[in-house]
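The residues of the chain are indexed from 1 along the displayed sequence.
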Amino acid sequence: MPPAGGPPAGFVPVVRQAARATGRLVLAAATAFGSYLFITVLLLTAVGTVAVVGAFLLPETVLLVRRIAGAKRRQTAAWTGREIPEVHRPLTGTVRERVRTALRDPGTRTDFRWLAACYLYGWLPVLLVPLWPAGLVVDGVGCGLLRRRAVVLPLIGRLADLDAAWSTALLTPSPKARLAERVEELTQTRAGAIAAHAAELRRIERDLHDGTQARLVSLSMRIGLAKRACDRDPGSVRGLLSEAQDLADEALTELRHVVRGVHPPILTDRGLVGAVRALAASSALEVAVRADGLADAARAPAAVEAAAYFVVAEALTNAAKHSGAPTAEVRLIRVPRGLRVRVRDEGRGGADERGTAGVSAGVGTGLPGMRRRVAALDGTTTVSSPVGGPTEIEVELPCVW
């Protein structure tokens with residue numbers, strides 16, 4: 001039983017939920033009111049575009065509509081818990097190019113469709129005015145005295161749900177827009193993959209030219225000297241052959257290093273978990289490795305394992321050089337749609353992908369190269385490195401187990 005003189009126990013949650021829905025509807029009303037005022041700008045833009053003189057206003061108007069629609073998307077996502085994708089083509093270039101892009105962008109049509117509909121359903125928050133006093137009286141008596149379920153105040157929540165449902169349906173990008181965005185994304189990742197492949201070829205060529213080739217040339221020279229010394233100075237042949245053997249060993253070491261850069265043999269022999277544990281053992285840091293769901297699971301594709309291995313290697317190398325942390329943690333997690341890799345150090349942080357600043361993982365060209373390698377497999381890279389630390393790099397690589 002509720003305390004004497006206090007509000008009914010079942011009435012308080014109803015009021016709280018109605019208050020939360022009211023806040024949502026007030027924001028919706030503010031957005032609708034702004035859209036009503038914006039009709040003046042639209043009319044001026046339409047007149048200016050028709051007159052050609054004011055055509056430059058169109059891209060700016062479209063950008064303003066995008067901001068208003070973006071605010072509505074965020075409001076709706078906060079209420080429903082589901083993000084609404086925002087797909088727009090960038091408005092860049094000359095005035096003519098920007099106007100052409102604004103007119104042809106499917107996202108522009110989606111935003112203006114919502115804006116037009118908002119003029120019709122934007123008045124929903126006005127119903128708050130009669131619902132609140134009626135709800136406090138009817139539901140207060142019904143819940144407090146008659147112990148019945150509230151019937152008026154829950155309508156406020158339903159109004160908020162209705163506004164969110166209509167906004168979601170109107171602001172969700174069309175399949176054509178999503179497809180165009182996907183094509184653009186794949187075009188960028190393909191360009192990144194080609195650039196990464198070219199950079200890898202240049203690195204291999206440089207390593208072979210500066211290391212292995214130079215040692216093989218020296219080896220050939222030592223063998224030639226040894227052949228000429230066989231008749232004139234047999235005593236020096238042993239020393240020349242010893243130098244030649246050392247050069248051959250160094251050339252083999254260089255070749256192994258190049259091969260490991262292409263595809264580490266340890267991945268084939270020991271799998272991803274074993275290869276990462278070997279990386280951790282050879283690191284200058286004390287590295288803890290955790291593998292969740294990978295012990296008895298089928299192995300990921302070779303390209304995915306290689307990308308994960310190089311991500312861990314790059315992150316640990318940069319953390320050892322720049323973070324100042326004595327320890328690091330690596331987690332390999334099997335997720336339903338792929339593999340997640342997380343590398344964390346408690347160092348100074350401040351990682352900068354541009355290479356102009358930063359003291360922890362990702363300094364220099366490490367992070368951009370890592371992102372290109374992951375993006376080539378349609379994966380995602382997330383970096384968190386506030387100044388003062390910690391630095392955490394999380395990569396998710398899609399694959400089928």
Side-chain angles (χ1 to χ4, degrees), residues 77 81-88 172-200 261-277 279-280 289-318 328-344 351 353 361-362 365-385 391-401:
R82 295 186 300 272
E83 295 292 331
I84 302 177
E86 187 170 355
V87 179
H88 292 112
T172 299
S174 65
K176 181 179 179 181
R178 299 293 295 273
L179 178 60
E181 182 193 37
R182 183 60 175 162
V183 170
E184 179 67 22
E185 180 183 347
L186 290 176
T187 301
Q188 294 177 357
T189 55
R190 183 185 64 180
I194 293 173
H197 179 67
E200 191 72 9
V262 176
H263 184 83
I266 193 172
L267 274 176
T268 304
D269 299 336
R270 300 174 57 181
L272 179 60
V273 177
V276 170
R277 293 190 189 280
L279 275 178
V289 179
R290 293 179 55 189
D292 299 336
L294 295 175
D296 301 322
R299 291 182 58 172
V304 172
E305 285 193 342
Y309 177 87
F310 285 118
V311 164
V312 174
E314 180 72 21
L316 290 181
T317 298
N318 285 297
E329 181 187 25
V330 178
R331 291 192 64 187
L332 305 173
I333 308 168
R334 176 182 176 177
V335 295
R337 296 185 178 180
L339 174 68
R340 183 177 299 152
V341 180
R342 186 178 299 148
V343 183
R344 177 187 176 95
E353 296 189 46
T365 59
L367 271 180
M370 187 186 302
R371 285 188 184 277
R372 285 195 297 267
R373 185 184 290 272
V374 172
L377 297 176
D378 208 18
T380 58
T381 304
T382 305
V383 179
S384 174
S385 184
T391 294
E392 183 171 289
I393 299 175
E394 182 172 297
V395 166
E396 188 156 338
L397 298 161
C399 68
V400 178
W401 295 95

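- Side-chain contact between V343 and E314 is absent, with no heavy-atom pair separated by less than 4.5 Å.
- For R331, the salt bridge (charged side-chain N to carboxylate O under 4.0 Å, His left out) partners at least two apart in sequence or on another chain are D292.
- To the nearest 0.5 angstrom, R371 atom CZ is 7.0 Å from T382 atom OG1.
- Looking at residues two or more places apart in sequence or on another chain, you find a side chain to side chain contact (heavy atoms under 4.5 Å, CB included) between A307 and R373, L377, L397.
- Minimum interatomic distance between Y309 and L272 (heavy atoms only, all atoms of both residues): N-CD1, 4.0 Å.
- For R290, there are no side-chain hydrogen bond (donor to acceptor under 3.5 Å, both in side chains) partners at least two apart in sequence or on another chain.
- M370 places a side-chain heavy atom less than 4.5 Å from the side chain of I393.
- When the side chain to side chain contact (heavy atoms under 4.5 Å, CB included) test is applied to A300, the partners found at least two apart in sequence or on another chain are V304, E305, C399, W401.
- Listed by chain and residue number, nothing satisfies the salt bridge (charged side-chain N to carboxylate O under 4.0 Å, His left out) test with R277 (two or more places apart in sequence, or in another chain).
- E329 pairs by the side-chain hydrogen bond (donor to acceptor under 3.5 Å, both in side chains) definition with nothing, not counting sequence neighbours.
- None of V276, V374, T381 except one satisfies the side chain to side chain contact (heavy atoms under 4.5 Å, CB included) rule with V311; the exception is V374.
- Once rounded to the nearest 0.5 Å, the distance linking CZ of R340 with CZ of R342 reads 6.0 Å.
- Nearest heavy-atom pair, L332 versus L294, reported as atom, atom and distance to 0.1 Å: CB-CD1, 3.5 Å.
- Summarising the geometry of A275 relative to R270, their closest heavy-atom pair is N-CB, 4.4 Å, with the distance given to 0.1 Å.
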